[in-house]
Amino acid sequence: MTRPDWEKLYGTAATQEGHFTTRQAAEAGYSSQLLLKHVRAGRMVRVRRGVYRLVHHPAGDREDLVTVWLWCDRAGVFSHETALSLHGISDVLPAQVHLTLPTEWRRRRLTVPDGVNLYFALVPESDRAWFGAVPVTTVRRTLMDCLAADVPGDTIRSALHDVARRGLLRATEVRSVTRALSNREVPR
């Protein structure tokens with residue numbers, strides 16, 4: 001048994017807005033029993049099954065996203081309307097958190113947290129960016145995912161306008177997304 005290493009646990013939690021998983025705690029030498037002792041002493045709080053938070057760590061802006069990301073063992077990427085919101089390229093306020101997991105996760109029996117909408121797809125590193133402590137799809141990938149998921153055209157047009165105005169994509173990429181949106185809206 002490894003001796004508990006507070007510095008290692010704190011270092012991990014600090015990069016995740018004060019949160020850590022049971023597995024990360026074990027890697028720092030904290031057994032389940034020791035975690036329970038710290039919870040009872042008020043130094044940690046159990047946020048959800050397998051996810052804890054250091055009580056005295058400063059609160060983060062999007063702790064809700066961190067706990068979802070830790071729930072999926074850091075395999076997911078925030079996407080679709082959640083990514084639109086995180087990138088600040090739409091006025092959309094998603095009612096649910098949109099998370100894309102690797103395709104092999106489709107076969108797993110998951111107890112999905114309330115308010116989380118899952119998608120399954122390969123998201124290569126080139127289609128990932130970071131929003132604070134969590135991964136998010138890039139602007140281009142976000143727009144393409146929204147197109148594929150039938151997000152309303154007005155929402156996508158508004159996001160495209162913001163993207164073009166702020167220069168977040170090359171003009172050819174903006175035209176490509178605009179063309180794909182037009183093709184989607186053509187009656188069949």
- Message: Can you tell me which residue among Leu169, Val174, Leu168 is in a side-chain contact (heavy atoms from CB on, under 4.5 Å) with Arg140?
- Response: Leu169
- Query: Taking Val163 as the fixed residue, which of Ile89, Val177, Leu84 is the one that meets the side-chain contact (heavy atoms from CB on, under 4.5 Å) rule?
  - Reply: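 Single side-chain contact (heavy atoms from CB on, under 4.5 Å) partner of Val163 among Ile89, Val177, Leu84: Ile89.
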Quick one: pull up [atom1] in [X] and [atom2] in [Y] and give me the separation to the nearest 0.5 Å.
{"X": "Glu17", "Y": "Asp64", "atom1": "CD", "atom2": "CG", "answer": "9.0 Å"}
{"X": "Lys37", "Y": "Ser32", "atom1": "NZ", "atom2": "OG", "answer": "14.5 Å"}
{"X": "Asp91", "Y": "Asp162", "atom1": "CG", "atom2": "CG", "answer": "7.0 Å"}
{"X": "Arg141", "Y": "Cys146", "atom1": "CZ", "atom2": "SG", "answer": "11.0 Å"}
{"X": "His161", "Y": "Ile156", "atom1": "NE2", "atom2": "CD1", "answer": "16.0 Å"}
{"X": "Cys72", "Y": "Arg108", "atom1": "SG", "atom2": "CZ", "answer": "9.5 Å"}

How about [X] and [Y]: do any of their side-chain heavy atoms sit closer than 4.5 Å?
{"X": "Thr100", "Y": "His80", "result": "yes"}
{"X": "Leu9", "Y": "Met44", "result": "yes"}
{"X": "Leu35", "Y": "Tyr52", "result": "yes"}
{"X": "Pro4", "Y": "Leu34", "result": "yes"}
{"X": "Gln16", "Y": "Leu70", "result": "yes"}
{"X": "Leu86", "Y": "Leu65", "result": "yes"}
{"X": "Arg62", "Y": "Val134", "result": "no"}
{"X": "Tyr119", "Y": "Asp145", "result": "no"}

- Aromatic centroids of Tyr30 and His38 separated by under 6.0 Å: yes
- Task: Give a yes or no on whether a salt bridge exists between Arg53 and Glu63, defined as a side-chain N under 4.0 angstrom from a carboxylate O.
- Result: yes
- Message: Salt bridge or not between Asp73 and Arg23? Use side-chain N to carboxylate O under 4.0 Å.
- Response: yes
- Message: Counting only heavy atoms from other residues, nucleotides and ligands, does the tally under 6.0 Å from CZ of Arg128 exceed 12?
- Response: yes
- Could you tell me whether Arg49 atom CZ has more than 12 heavy atoms of other residues or ligands within 6.0 Å of it? no
If you take all heavy atoms of [X] and [Y], which pair is closest and at what distance?
{"X": "Val136", "Y": "Ala83", "result": "CG2-CB, 3.5 Å"}
{"X": "Arg175", "Y": "Thr172", "result": "NH2-CG2, 3.2 Å"}
{"X": "Leu118", "Y": "Val116", "result": "CD2-CG1, 3.8 Å"}
{"X": "His19", "Y": "Val47", "result": "CD2-CG2, 3.9 Å"}
{"X": "Ala159", "Y": "Ser90", "result": "CB-CB, 4.4 Å"}
{"X": "Val51", "Y": "Trp71", "result": "CG2-N, 4.2 Å"}

- Task: Would you please say whether a donor-acceptor pair under 3.5 Å links the side chains of Glu81 and Gln96?
- Result: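 The criterion, which ignores hydrogens and geometry beyond distance, is not satisfied for Gln96 and Glu81.
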- Modelled atom types, side-chain donor and acceptor of Thr137 and Thr142, under 3.5 Å: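 Their side chains do contain a donor-acceptor pair, which is all the 3.5 Å distance test asks for.
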Check: [Y] main-chain N/O paired with [X] side-chain donor or acceptor under 3.5 Å:
{"X": "Thr15", "Y": "Thr12", "value": "yes"}
{"X": "Ser158", "Y": "Asp154", "value": "no"}
{"X": "Arg184", "Y": "Leu147", "value": "yes"}

Single-linkage hydrophobic cluster [X]~[Y], side-chain heavy atoms < 4.5 angstrom:
{"X": "Val77", "Y": "Phe120", "value": "no"}
{"X": "Val97", "Y": "Trp105", "value": "yes"}
{"X": "Val39", "Y": "Val55", "value": "no"}

- Item | Residue from Phe78, Phe131, Trp130 passing ring pair (Phe, Tyr, Trp, His ring centres under 6.0 Å) with Trp69 |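 When ring pair (Phe, Tyr, Trp, His ring centres under 6.0 Å) is applied between Trp69 and each of Phe78, Phe131, Trp130, only Trp130 qualifies.
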